[in-house]
Each structure stands twice: as structure tokens, then as C-alpha cells.
2 protein chains.
Amino acid sequence: MKNRIAELRKERKISQSVLADAVFVTRQTITSIEVGKYTASLELAYRIANYFNLSIEEVFDFSDLEVLKNER
Amino acid sequence: MKNRIAELRKERKISQSVLADAVFVTRQTITSIEVGKYTASLELAYRIANYFNLSIEEVFDFSDLEVLKNER
DNA sequence: TAAAAATGCAAAGTTAACTATACATTTTTC
DNA sequence: GAAAAATGTATAGTTAACTTTGCATTTTTA
């Protein structure tokens, strides 16, 4: 799943380490999620969105799941 | 983490099985999430919220995480 | 331009989300 | 009131999120 984390970090000049500490995970976790190696948990997604004062839907891109929705 | 899934299901008279099928998980997964045995993944949270035409934040209760937010 | 900070990336280990199966109890429907 | 549907709960197994460690490269700062 795609997300805007790297983009939001750069806009606000926040390093991976600072974000990682703020949301209580390791830098490696932030990196992995940024590059799409895996998807954030719901709690982490919320913490990240909240850190940027955005909703989860504004940070994470669910458009690749819409297909399944339309298949219902 | 708390959520409004059982409540939303009952309002709309949708069984666990029907919801499970609609969001591509087993009934056991829905049950476990409803009773708080574990937290939904981000993708599943999105699918469930979307099924009810709500945002993730409207279905899942993150208030137990606010503490951490305020500690920043 | 050297030092410090930030990023990239990789691998092994742990934990939590989810599946599959199964059976007992409760609720709904006919 | 019997059958069918829905729910509760439990357990063993798989997969994916996340940690930990470590080191190499790039970018920033003094």
C-alpha cells in the first residue's frame, strides 16, 4: 500500500528517526513502511496520521483496495 | 482497541458471516476483532469502514492511544 | 573538507493478525 | 417446538508487522 509519509516528512523537515521516536517504533519500521515493504498496523497508522494532524485516509492510499470493493 | 463493528452490524442487521465474506476474512476474524481479542490490520479496517460507508476513525476508537499523543 | 546526521538496505528473530476447524449454546424462523 | 441460522469460544498453525543489529553510502553542517 502506498502512503505519503516520506513526502510529509520532507515537507516538514522531519527525519525518519524523529518520526520513529514520536510514534514509538524503530527507524527501520518507518523506512520499511515508506518504501512499501509492508503495511503499517492500524495503531501505527493512526499515530503517524495524528502526528501530522491528518486522518489515516489522508496519509495512506487505499485505492489499490477499491477493486475488491467494486467486486462486491 | 474498541470498535463499533458489532453495533453497526446490528443496526443494519448484518451477520458476522456476511460481513466476513464482504471484507474477505473468516467469521472468526470478525468475532475476534469485535471482542477486542486483537486489532484489525489497516487494510481490513479500511474494508470494514468502507463496507459501512464510514471512515476508519468513525468505526475504530483510538481514544486509548491519545495518552501517548499527549505525552509527546 | 572533515565530522555528524540522515538514509539505504539486509538478515535473523519475535509477536500479533489471521486462517482453519470444530463444537456448544443461543437466537431466529417456519 | 423443531430446524436453521447466528453467535461464542477455543486451539493449533501460518503469515506479516515490527524489532534488533549492523554496516555502507549520502547529505548536511560547522
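- Side-chain polar atoms of B:E34 and B:Q16 form a donor-acceptor pair below 3.5 angstrom.
- In the region residues 25-35 of chain B, proximity to DNA chain D at under 4.0 angstrom, judged on heavy atoms, holds for B:R27, B:Q28, B:T31.
- The CG atom of A:L19 sits 10.0 Å away from the OG1 atom of A:T31 when rounded to the nearest 0.5 Å.
- Closest of all the heavy-atom pairs between B:A45 and B:A40 is N-CB, 4.1 Å.
- Fit an axis to the five pairs at each end of the helix from C:dT1-D:dA30 to C:dC30-D:dG1 and the two axes sit 60° apart, to the nearest 10 degrees.
- Rounded to an integer number of Å, the gap from CD1 of A:I5 to P of C:dA6 is 18 Å.
- For the side chain to side chain contact (heavy atoms under 4.5 Å, CB included) test with A:N3, the passing option among A:I56, A:D61, A:I33 is A:I33; the others fail.
- For B:T39, a side-chain nitrogen or oxygen approaches OP1 or OP2 of C:dA17 to under 4.0 Å.
- The interatomic distance linking A:K37 (NZ) with C:dC9 (C1') rounds to 8 Å, in whole Å.
- To the nearest 0.5 Å, the span separating CG on A:D21 from CD1 on A:I30 amounts to 9.5 Å.
- For B:Y38 and D:dG13, the OH to C1' distance is 13 Å, given to the nearest whole Å.
- If you measure from atom CZ of B:F24 to atom C1' of C:dA17, you get 18 Å, rounded to the nearest angstrom.
- Between the CG atom of B:L44 and the P atom of C:dT19 there is a distance of 8 Å, rounded to whole Å.
- Contact annotation: the side chain of A:F52 approaches that of A:R9 to within less than 4.5 Å [non-hydrogen atoms, C-beta and beyond].
- Contacts of residues 9-21 of chain B with DNA chain D (heavy atom under 4.0 Å): B:R9, B:S15, B:Q16.
- To the nearest 0.5 Å, atoms NZ (B:K2) and CZ (B:F62) are separated by 14.5 Å.
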